Amino acid sequence: MEFEKLKEIIADVLNVEADDITEDTKFVDDLGADSLDIFQIIMGIEETFDIEIDNDEAEKIATVGDAVEQIKKATNN
């Protein structure tokens, strides 16, 4: 499932508990992520799901749910 894999990537990059992450979690406000963290998370998503997220689309990702939507769009799920 996309969300579970995504939580693992985020937890790994940001050193937070995966259980604390919900689809409403905001990368910057809730997790304290900076642009480099977000870049690393997006790289992890692209590698894990074998997809490519366009830079314009990546800039729109504010919450974990936004990232899930991007994964679904890119994998046509």
Side-chain angles (χ1 to χ4, degrees):
M1 180 177 195
E2 291 99 355
F3 182 55
E4 293 303 316
K5 284 186 187 174
L6 178 57
K7 285 197 324 187
E8 288 174 28
I9 294 166
I10 296 165
D12 189 47
V13 171
L14 298 176
N15 201 19
V16 295
E17 290 293 323
D19 294 342
D20 295 341
I21 300 168
T22 70
E23 289 207 21
D24 294 327
T25 301
K26 294 180 182 79
F27 287 107
V28 177
D29 296 344
D30 297 330
L31 299 174
D34 62 21
S35 57
L36 181 61
D37 293 327
I38 294 169
F39 176 75
Q40 287 183 300
I41 291 165
I42 290 170
M43 294 294 289
I45 291 169
E46 290 179 336
E47 197 174 299
T48 301
F49 295 97
D50 195 29
I51 59 174
E52 199 165 307
I53 297 175
D54 182 277
N55 284 343
D56 291 341
E57 295 298 324
E59 286 174 17
K60 296 176 190 168
I61 297 173
T63 67
V64 174
D66 293 341
V68 171
E69 288 306 308
Q70 287 298 329
I71 293 166
K72 287 181 178 173
K73 196 188 306 182
T75 57
N76 296 320
N77 284 337

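The chain is numbered in sequence order, starting from 1. All values below come from the heavy atoms of this structure, side chains included, with hydrogens, waters and symmetry mates left out. Because the structure is a prediction, the values reported are computed rather than measured.
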- Note on the structure: A11 and A18 have their tightest heavy-atom pair at CB-N, 3.9 Å

- Message: For the CD atom on E4, are there more than 12 heavy atoms of other groups (residues, nucleotides or ligands in this structure) within a distance under 6.0 Å?
- Response: yes

- Query: Considering residues, nucleotides and ligands other than E52, do more than 12 of their heavy atoms fall under 6.0 Å from its CD?
  - Reply: no

- Distance from I53 atom CD1 to E59 atom CD, nearest 0.5 Å? 12.5 Å

- Query: Are K5 and E8 ion-paired here, with the side-chain N under 4.0 Å from a carboxylate O?
  - Reply: no

- Item | Side-chain heavy atoms of I42 within contact of Q70, under 4.5 Å | no

- Pick out which of T25, D19, D20 makes a side chain to side chain donor-acceptor pair (under 3.5 Å) with T22. T25

- Message: Let me confirm one number: the CD-CD1 distance from Q40 to I45, rounded to the nearest 0.5 Å.
- Response: 12.0 Å

- Message: Are the side chains of F27 and I10 in contact, using a 4.5 Å heavy-atom criterion?
- Response: yes

- Message: Counting neighbours of CG on D50 that are heavy atoms of other residues, nucleotides or ligands and sit closer than 6.0 Å, is the number greater than 12?
- Response: no

- Note on the structure: One should read off an interatomic distance between D30 CG and T63 OG1, to the nearest 0.5 angstrom, of 9.5 Å

- Query: Roughly how far, to the nearest 0.5 Å, is the OG1 atom of T48 from the CD atom of E2?
  - Reply: 12.0 Å

- Query: How long is the gap from CE on M43 to CD on E47, to the nearest 0.5 Å?
  - Reply: 7.5 Å

- For the residue pair L14 and I41, establish whether any side-chain heavy-atom pair is separated by less than 4.5 Å. yes

- Do you know the tightest heavy-atom contact between L6 and A67? CD2-CB, 3.7 Å

- Query: Would you say V64 and F3 make side-chain contact, with heavy atoms under 4.5 Å?
  - Reply: yes

- Nearest heavy atoms of D37 and G32, plus distance in Å: OD2-O, 4.1 Å

- Query: Can you check whether I38 reaches V28 side chain to side chain, under 4.5 Å on heavy atoms?
  - Reply: yes

- Using modelled atom types only, decide if a donor and an acceptor are shared between the side chain of D12 and the backbone of I9 within a distance under 3.5 Å. no

